[in-house]
Chemist: 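Next up is a structure, given as structure tokens.
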Amino acid sequence: MHDIKRLRQNADDVKTAIARKGFDADTAKALELDTRWRQMTQRGDEFKAELNKASKAIGMAKKAGRDAQEEMDHARSLREQAAALDDEKRAVRAELDTLLASWPAEPDPNAPEGLTENENLEVREWTPDEPAPDFKLQDHLALAEGLGILDMPRGAKITGGGWPLYVGKGARLERALINFMLDTQTGEHGYNELYVPFAVNRDSAFGTSQLPKLEEDMYLIEKDDLFLIPTSEVPITNMHRNEIIDGDSLPLKYSAFSACFRREAGAYGADTRGLLRVHQFNKVELVQIVEPETSDQTQLEILGHATEILERLKLRYRVLDLCCGEMSFGAARCFDIEVWAPGTESWLEVSSVSNFRDFQARRMNLRYRAGDHGKPELPHTLNGSGLATSRLMVAVMESYQTPEGRIRIPAALQNYMGGLDQISGV
RNA sequence: GGAGAGGUGGCCGAGUGGUUGAAGGCGCUCGCCUCGAAAGCGAGUUUGCGGUGACCCCGUAACGUGGGUUCGAAUCCCACCCUCUCCGCCA
């Protein structure tokens, strides 16, 4: 959500910034609505002031035993005028709020210019110190089906296409990845572990800015008007919605595992093979709520926490600085981490590390108070995946395959697999 | 799902439809006192919006949420949400 006060002062700056994301914000319309709203607010408050005064006078008159019929008639007409104005004002405010809520966040001045993935900037690439394989690589689907550890057809039977069913060692490997990641983030990087609800209400979905834009991308439980979470960012960050946090407790660092659900409406094509794009996947999420001055640094810290996982798994990855048009609705700056899938021969997004600055905080009325005195202020919120499994699973399987079609277990995961060092069957 | 009780400031807790943003207590902050502390005494201590960029000040709004009655609602009426207790069902 945008700051109306900033808009009053710097409408052109706001419009220009948002335009970098390829969005044309009608700031003139917003300013006009705001002006009308303020005028009506002022007039309405004057009516109410007079009404309050009149009511008190009536109260005193009655107490003194005097008749106050004339004053009461006058007060009634005041109330009616105030009420009419209020209705009108509410409508204008609703229109203004809807308009403001539809604008994406302003990108950071340092975010790369551009609207398509071609303008994303590669920041760095990391390659493990391993010899290149000297045999023909299979892709993850062929490998996993060959071993019987992934059963997409039965997943489709149970639910539908894109709902993976892991079997045996495949299921165990998925769980090992989750436990490894969660243990690393909570045990070593100082995140407080949460276990969150997998469904959220509309206020929460609005707070982290999935609503209104992404309504069609989420699963809606109509009967209860709840959304299945597309990421645990939503329940985690909304934990403190409508709260004033003690500044001394910042930064707040939370990590949680959750299943994530995405309709992927409109997504189709080559990306859909196997586990590349599915409706349900698992993810360990990292969220921080910090003081504004530190958020840029925090973003790099989270990026490091996420890439640490890939380095321990010895998986090749690269980091992209997303251009303005590629960032999510609420982000001011975003770094994507892509892991290399050698069998599929493509880079797979396994994490987005985003700085939302005060955009989400304002939407969800999340504030903090620095020191004992002073006004509540908006903190900055950030999150990053640390990491998402289904694609990570692809990279592990394809990178650790043997010429016989087996999958070696990365050293970092062997303890989580009961000491197993290779999958050769279910 | 059924029955009942309840939601008031950071916390506890009062509040007969009338000058109540809200008694009292706790906590916290500042001051006095003290060598220092405790105790005691005194003062202060919610947030949003508008006037105005900030302070002060003025106005307005907020007692779970949203409506309604009324000149006037924390108080009366309606709907909804949440919490607790009991019963039922259930992983």
Side-chain angles (χ1 to χ4, degrees), chain A residues 1-14 30-97 99-101 195 197-207 221-227 235 238-250 259 292 358 361-379:
Chain A
M1 186 70 100
H2 291 267
D3 182 4
I4 187 74
K5 287 174 185 163
R6 173 165 155 70
L7 195 71
R8 285 171 195 158
Q9 292 159 13
N10 274 317
D12 290 346
D13 289 356
V14 174
L31 285 175
E32 183 227 310
L33 289 167
D34 178 54
T35 302
R36 279 172 60 201
W37 179 82
R38 279 150 81 194
Q39 286 167 348
M40 286 189 268
T41 298
Q42 222 173 313
R43 278 184 56 213
D45 281 359
E46 282 163 16
F47 276 126
K48 286 175 195 166
E50 206 181 326
L51 177 61
N52 288 341
K53 224 179 285 177
S55 296
K56 284 181 185 175
I58 293 165
M60 284 190 283
K62 289 213 159 181
K63 214 168 206 173
R66 279 189 280 114
D67 172 75
Q69 192 54 49
E70 204 174 306
E71 292 93 322
M72 281 167 63
D73 290 343
H74 174 60
R76 175 191 286 268
S77 102
L78 279 173
R79 186 197 60 182
E80 280 163 2
Q81 290 176 85
L85 201 57
D86 261 358
D87 288 346
E88 209 184 325
K89 189 181 87 168
R90 232 194 309 271
V92 170
R93 184 72 208 195
E95 198 182 340
L96 176 58
D97 286 343
L99 185 62
L100 287 179
Y195 192 93
F198 287 5
V200 295
N201 58 33
R202 276 182 189 275
D203 286 344
S204 292
F206 180 83
I221 305 167
E222 256 181 87
K223 206 166 185 179
D224 300 293
D225 204 29
L226 298 174
F227 295 96
N238 276 282
M239 197 171 127
H240 296 291
R241 172 156 50 82
N242 279 322
E243 290 183 14
I244 299 177
I245 298 167
D246 180 357
D248 291 338
S249 64
L250 299 183
D358 60 13
R362 186 173 291 107
R363 281 172 99 88
M364 64 174 75
N365 192 29
L366 163 63
R367 292 168 295 169
Y368 78 100
R369 199 192 306 275
D372 288 334
H373 302 291
K375 290 272 174 194
E377 297 174 70
L378 295 167

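Chain naming here is simple, since letters A, B, ... match the order of the sequence lines and numbering starts at 1 in each.
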Chemist: Take A:I4 and A:L96 through the side chain to side chain contact (heavy atoms under 4.5 Å, CB included) test and state the conclusion after the steps.
Modeler: CA-CA 10 Å; A:I4 187 74; A:L96 176 58; 4.2 Å; yes

Chemist: Looking at residues 1-8 of chain A, who's got a heavy atom less than 4.0 Å off RNA chain B?
Modeler: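 When residues 1-8 of chain A is checked for heavy atoms under 4.0 Å from RNA chain B, the hits, listed by number, are A:K5, A:R8.
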
Chemist: Using the P atom on both, measure B:A61 against B:U20 and round to a whole Å.
Modeler: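 Approximately 15 Å lies between the P atom of B:A61 and that of B:U20.
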
Chemist: Counting heavy atoms from C-beta on, name the nucleotide in B:G53, B:C71, B:G51 closest to the side chain of A:R76.
Modeler: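 Shortest atom-to-atom distance from the side chain points to B:C71.
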
Chemist: Among the candidates B:U70, B:G18, B:U47, find the nucleotide nearest to the side-chain atoms of A:P376.
Modeler: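 Closest nucleotide among those given: B:U47.
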
Chemist: With a 4.5 Å limit on heavy-atom distance, are the side chains of A:V14 and A:H2 in contact?
Modeler: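 Yes, close enough: below the 4.5 Å cut-off.
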
Chemist: Of the nucleotides B:U19, B:G48, B:G59, which one has an atom closest to the side chain of A:R367?
Modeler: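 Shortest atom-to-atom distance from the side chain points to B:G48.
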
Chemist: Determine whether A:L85 and A:K89 make a side-chain contact, defined as any pair of heavy atoms from C-beta on separated by less than 4.5 Å.
Modeler: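 They are not in contact (no side-chain heavy atoms under 4.5 Å apart), so the answer is no.
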
Chemist: Mind checking the C1' distance from B:A37 to B:A23? Whole angstroms is fine.
Modeler: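 Between the two C1' atoms, the distance is 32 Å.
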
Chemist: Looking at A:R369, does any N or O in its side chain come under 4.0 Å of the phosphate oxygens OP1/OP2 on B:G10?
Modeler: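 No, no such contact exists.
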
Chemist: Going by heavy atoms in the side chains, are A:M364 and A:F206 under 4.5 Å from each other?
Modeler: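 Result no, sub-4.5 Å side-chain heavy-atom pair not found.
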
Chemist: Please test A:R76 against A:R79 for side chain to side chain contact (heavy atoms under 4.5 Å, CB included), starting from the C-alpha separation and ending with a verdict.
Modeler: CA-CA 5 Å; A:R76 175 191 286 268; A:R79 186 197 60 182; 4.2 Å; yes

Chemist: Considering only the C1' atoms, how many Å lie between B:C28 and B:C84, rounded to the nearest integer?
Modeler: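 Those two atoms are separated by 30 Å.
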
Chemist: Among the candidates B:G18, B:G48, B:U19, find the nucleotide nearest to the side-chain atoms of A:K56.
Modeler: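 Nearest to the side chain of A:K56 among the choices is B:U19.
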
Chemist: Between A:K53 and B:U19, is there a contact of a side-chain N or O with OP1 or OP2 at under 4.0 Å?
Modeler: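 The answer is no; no side-chain N or O of A:K53 sits under 4.0 Å from OP1 or OP2.
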
Chemist: Contact between A:E46 and A:E50 at the side-chain level, heavy atoms closer than 4.5 Å - yes or no?
Modeler: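 They are not in side-chain contact.
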
Chemist: Roughly how many Å is it from CZ in A:F47 to C1' in B:U60, rounded to a whole number?
Modeler: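 Rounded to the whole Å, the gap is 14 Å.
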
Chemist: Looking at A:D86 and A:R90, is any side-chain nitrogen of the basic one under 4.0 Å from a carboxylate oxygen of the acidic one?
Modeler: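 No, A:R90 and A:D86 are not salt-bridged.
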
Chemist: To the nearest angstrom, how far is A:R362 atom CZ from B:C49 atom P?
Modeler: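 After rounding, the reported distance stands at 10 Å.
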
Chemist: Is A:R43 atom CZ crowded by more than 12 heavy atoms from other residues, nucleotides or ligands, each under 6.0 Å away?
Modeler: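 It does not: A:R43 CZ has 12 such atoms or fewer within range.
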
Chemist: Roughly how many Å apart are B:C76 and B:C58, using the C1' atom of each and rounding to a whole number?
Modeler: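 Here B:C58 and B:C76 have their C1' atoms 33 Å from each other.
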
Chemist: Taking B:G25 as the reference, what is the distance to B:U45 when you measure between their P atoms (whole Å, please)?
Modeler: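 Looking at atom P only, B:U45 and B:G25 are 15 Å apart.
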
Chemist: When the distance from CZ of A:F198 to P of B:A91 is rounded to whole Å, what number comes out?
Modeler: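 Distance, rounded to whole Å: 21 Å.
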
Chemist: Got A:N242 and A:D203 here, is their nearest side-chain heavy-atom distance under 4.5 Å?
Modeler: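 They are not in side-chain contact.
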
Chemist: Using only side-chain N and O atoms of A:N52, determine if any of them is under 4.0 Å from OP1 or OP2 of B:A61.
Modeler: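 Checking A:N52 against B:A61: at least one side-chain N or O falls below 4.0 Å of OP1 or OP2.
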
Chemist: Rounded at 0.5 Å granularity, tell me how far CD1 in A:I245 sits from CZ in A:R369.
Modeler: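 Interatomic distance, A:I245 CD1 to A:R369 CZ, rounded to 0.5 Å: 12.0 Å.
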
Chemist: In whole angstrom, what separates A:Q42's CD from B:A61's P?
Modeler: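 Whole-Å distance recorded here is 15 Å.
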
Chemist: Any heavy-atom pair between the side chains of A:L99 and A:L33 that's under 4.5 Å?
Modeler: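 Of all side-chain heavy-atom pairs linking A:L99 with A:L33, at least one is under 4.5 Å.
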
Chemist: I want to confirm an ordering. Mapping A:S55 and A:K48 to their closest nucleotides on RNA chain B, which one lands closer to the 5' end?
Modeler: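 Here A:S55 is the residue nearer the 5' end.
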
Chemist: Please measure how far the C1' atom in B:G18 lies from the corresponding atom in B:A74, and state the result in whole Å.
Modeler: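 About 14 Å, rounded to a whole number of Å.
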
Chemist: Could you list by number each residue of residues 30-39 of chain A showing a heavy-atom separation from RNA chain B of less than 4.0 Å, or answer none if no residue does?
Modeler: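 The stretch gives A:W37, A:R38 as the residues lying under 4.0 Å from the strand, ordered by number.
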
Chemist: In Å and rounded to the nearest 0.5 Å, what is the CZ to CE distance from A:R362 to A:M1?
Modeler: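 Spacing of CZ (A:R362) from CE (A:M1) equals 9.0 Å.
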
Chemist: Tell me the interatomic distance from A:D86, atom CG, to B:G66, atom P, rounded to whole angstroms.
Modeler: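 Taking atom P of B:G66 as the reference, CG of A:D86 is at 13 Å.
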
Chemist: Pairing of RNA chain B as dot-bracket, 5' to 3': ( ) intra-strand, [ ] crossing, | other strand, . unpaired, with Watson-Crick or G-U pairs under 3.5 Å?
Modeler: ((((((((.[[[..)..(.....]]]((((((.......))))))((((((.....)))))).[[[[[..)....]]]]])))))))....

Chemist: Taking atom C1' in both B:G1 and B:C89, compute the distance separating them and give it to the nearest angstrom.
Modeler: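 These two C1' atoms come out 8 Å apart once rounded.
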
Chemist: Taking C-beta and beyond as the side chain, do A:L366 and A:P379 meet within less than 4.5 Å on heavy atoms?
Modeler: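 Result yes, sub-4.5 Å side-chain heavy-atom pair found.
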
Chemist: Could you check how far CD1 of A:I58 sits from P of B:A73, rounded to whole Å?
Modeler: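 Computing the A:I58:CD1 to B:A73:P distance gives 12 Å.
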
Chemist: Using the closest heavy atom to pick a nucleotide of RNA chain B for each, name whichever of A:M60 or A:R90 lands nearer the 5' end.
Modeler: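 Comparing both residues, the 5'-ward one is A:M60.
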
Chemist: Quick one, A:L51 and A:Q81 - any side-chain contact, counting heavy atoms below 4.5 Å?
Modeler: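 No, side chains not in contact.
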
Chemist: Using atom CG of A:L51 as one end and atom C1' of B:G59 as the other, report the distance to the nearest whole Å.
Modeler: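 Taking CG of A:L51 and C1' of B:G59, I get 14 Å after rounding.
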
Chemist: Rounding to an integer number of angstrom, what distance separates B:G88 and B:A14 when you compare their C1' atoms?
Modeler: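 That atom pair is separated by 38 Å.
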
Chemist: Give the rounded distance in Å between these two atoms: NZ of A:K89 and P of B:C49.
Modeler: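 So the two atoms are 13 Å apart, to the nearest Å.
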
Chemist: Does A:A54 reach a base, just sugar-phosphate, or nothing at all? Heavy atoms under 4.0 Å.
Modeler: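 The answer is nothing, as A:A54 stays clear of every strand by at least 4.0 Å.
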
